**Q** 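For reference, the structure I am asking about is given below.
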Amino acid sequence: LSAENVSKFTGIQMKEIPGTKLTMQLGIPGKVSPSYTSCGATTKLIVPNDKDAKLYGRIVDIPNVKPFAIKKFANYTVIHSAVPVLSPEMWKYLAKEAKVHIYSNNPDTICYVGRDMIGIHTGVAGTKVINFPSNATFIDAITNKVVSKNSKVLKIDMKQNETKLLYIKK
């Protein structure tokens with residue numbers, strides 16, 4: 001792990017700085033963010049140092065260092081974070097920037113989507129709303145019952161800590 005190797009891998013110019021207690025702030029660009037603290041300190045940090053990248057966030061003990069970079073290339077965009085844990089809000093922002101479809105806005109609902117199936121897991125009981133990019137029919141993989149027909153929006157009642165498996169028919 002060196003600044004040179006990370007620079008080669010990402011295409012973002014990096015620099016190495018001495019280690020510190022890792023209390024960092026990183027949030028959606030332009031918004032106030034919470035602080036994240038790791039356990040203890042690190043011996044060194046690899047941080048972005050690129051005039052062509054957009055740099056965000058801050059390390060509390062080294063305020064002039066921005067630990068997060070977004071750099072656009074001709075055919076792709078690279079993101080580098082020295083922050084070890086990103087908030088769900090940040091992941092959602094990154095997904096939207098990458099034009100990734102967001103299936104659920106419910107923070108306790110996890111969706112595993114494959115070609116012809118979806119697994120939905122929830123920690124909290126209630127009606128879950130899952131949004132699809134196109135119309136489909138959803139069939140419970142266990143009972144074989146149609147849960148929703150020809151719809152982009154799947155509303156499904158779930159118990160606490162329940163997982164459902166559904167077939168997707170387009």
Side-chain angles (χ1 to χ4, degrees), residues 9-12 22-39 47-48 50 53-60 63 65-170:
F9 182 72
T10 63
I12 299 172
L22 286 182
T23 302
M24 301 183 200
Q25 288 183 316
L26 181 63
I28 293 173
K31 292 187 178 181
V32 176
S33 63
S35 293
Y36 296 95
T37 304
S38 72
C39 302
V47 295
D50 192 318
K54 291 184 180 177
L55 305 180
Y56 302 100
R58 73 185 188 103
I59 299 172
V60 173
V65 172
K66 297 189 178 295
F68 191 83
I70 300 175
K71 187 172 182 180
K72 294 184 183 279
F73 293 88
N75 297 318
Y76 58 93
T77 300
V78 174
I79 297 169
H80 175 270
S81 176
V83 177
V85 178
L86 299 179
S87 69
E89 184 182 38
M90 177 55 88
W91 280 112
K92 191 172 183 179
Y93 168 80
L94 294 173
K96 284 183 176 179
E97 286 292 302
K99 298 181 178 36
V100 172
H101 180 78
I102 305 294
Y103 285 89
S104 175
N105 288 310
N106 192 326
D108 79 301
T109 304
I110 300 169
C111 298
Y112 303 94
V113 183
R115 186 178 319 223
D116 298 321
M117 289 192 83
I118 180 170
I120 305 166
H121 179 78
T122 187
V124 178
T127 301
K128 306 305 166 186
V129 178
I130 313 299
N131 300 295
F132 283 81
S134 59
N135 284 357
T137 295
F138 304 95
I139 302 165
D140 188 299
I142 307 302
T143 67
N144 238 10
K145 292 183 180 177
V146 173
V147 177
S148 182
K149 195 171 191 172
N150 195 28
S151 178
K152 284 177 117 174
V153 178
L154 170 65
K155 292 183 181 180
I156 188 165
D157 292 323
M158 296 184 69
K159 298 174 186 168
Q160 182 176 355
N161 300 323
E162 184 176 26
T163 301
K164 296 262 189 183
L165 297 173
L166 304 171
Y167 294 116
I168 304 169
K169 304 265 185 181
K170 294 184 180 171

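The structure displayed is predicted, hence computed values, not measured ones.
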**Q** Which distance, rounded to the nearest 0.5 Å, do you find between the CD1 of Ile142 and the CG of Leu165?
**A**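 CG of Leu165 is found 5.5 Å from CD1 of Ile142.
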**Q** Can you list the steps and then say if Phe138 with Tyr167 is a ring-ring contact (aromatic ring centres under 6.0 Å, His included)?
**A** CA-CA 6 Å; Phe138 304 95; Tyr167 294 116; over 10 Å; no
**Q** Does the side chain of Val47 come within less than 4.5 Å of Leu55's, by heavy atoms?
**A**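 No, their side chains stay 4.5 Å or more apart.
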**Q** Once you round to the nearest 0.5 Å, how far does NZ of Lys128 lie from OG of Ser104?
**A**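 Interatomic distance, Lys128 NZ to Ser104 OG, rounded to 0.5 Å: 8.0 Å.
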**Q** How long is the gap from CD1 on Ile102 to CD1 on Ile130, to the nearest 0.5 Å?
**A**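 Answer rounded to 0.5 Å: 12.0 Å.
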**Q** Which atoms form the tightest heavy-atom contact between Pro67 and Gly57, and what is the distance?
**A**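 Closest heavy-atom pair between Pro67 and Gly57: CD-C, 3.4 Å.
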**Q** Measure the spacing between CD1 of Ile120 and CG of Asn106 and express it to the nearest 0.5 Å.
**A**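 Reported to 0.5 Å precision, the distance equals 11.0 Å.
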**Q** Find out whether Asn75 and Phe73 are in side-chain contact, i.e. whether some heavy atom of one side chain is under 4.5 Å from a heavy atom of the other.
**A**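 When only atoms from C-beta onward are counted, Phe73 and Asn75 do not touch, as no gap falls below 4.5 Å.
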**Q** Using atom types as modelled and distance alone, determine if a side-chain donor or acceptor of His101 lies under 3.5 Å from a backbone N or O of Asn131.
**A**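 Yes: the side chain of His101 pairs with the backbone of Asn131.
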**Q** Taking all heavy atoms of Gln160 and all of Gly123, pick out the closest pair and write down the distance.
**A**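 That would be CG-O, 3.0 Å.
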**Q** Could you give the distance from NZ (Lys54) to CD1 (Ile70), rounded to the nearest 0.5 Å?
**A**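 With rounding to 0.5 Å, NZ (Lys54) is 7.5 Å from CD1 (Ile70).
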**Q** Report yes or no: does Lys71 contribute a side-chain atom to a donor-acceptor pair with the main-chain N or O of Gly11 at less than 3.5 Å?
**A**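 Here the side-chain-to-backbone pair exists.
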**Q** Is there a donor-acceptor contact under 3.5 Å from the side chain of His121 to the main chain of Cys111?
**A**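 Checked: no pair found.
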**Q** Do Asp50 side-chain atoms and Ile12 backbone N/O form a donor-acceptor pair below 3.5 Å?
**A**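 Answer holds: no.
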**Q** Assess the side chains of Thr127 and Asp157: does a donor N or O sit below 3.5 Å from an acceptor N or O?
**A**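 Present: a donor and an acceptor within the cut-off.
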**Q** Show your working on side-chain contact (heavy atoms from CB on, under 4.5 Å) between Lys164 and Thr122 and close with a plain yes or no.
**A** CA-CA 9 Å; Lys164 296 262 189 183; Thr122 187; over 6 Å; no
**Q** Rounded to the nearest 0.5 Å, how far apart are NZ of Lys149 and CG of Asn135?
**A**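 Result: 12.5 Å between the selected atoms.
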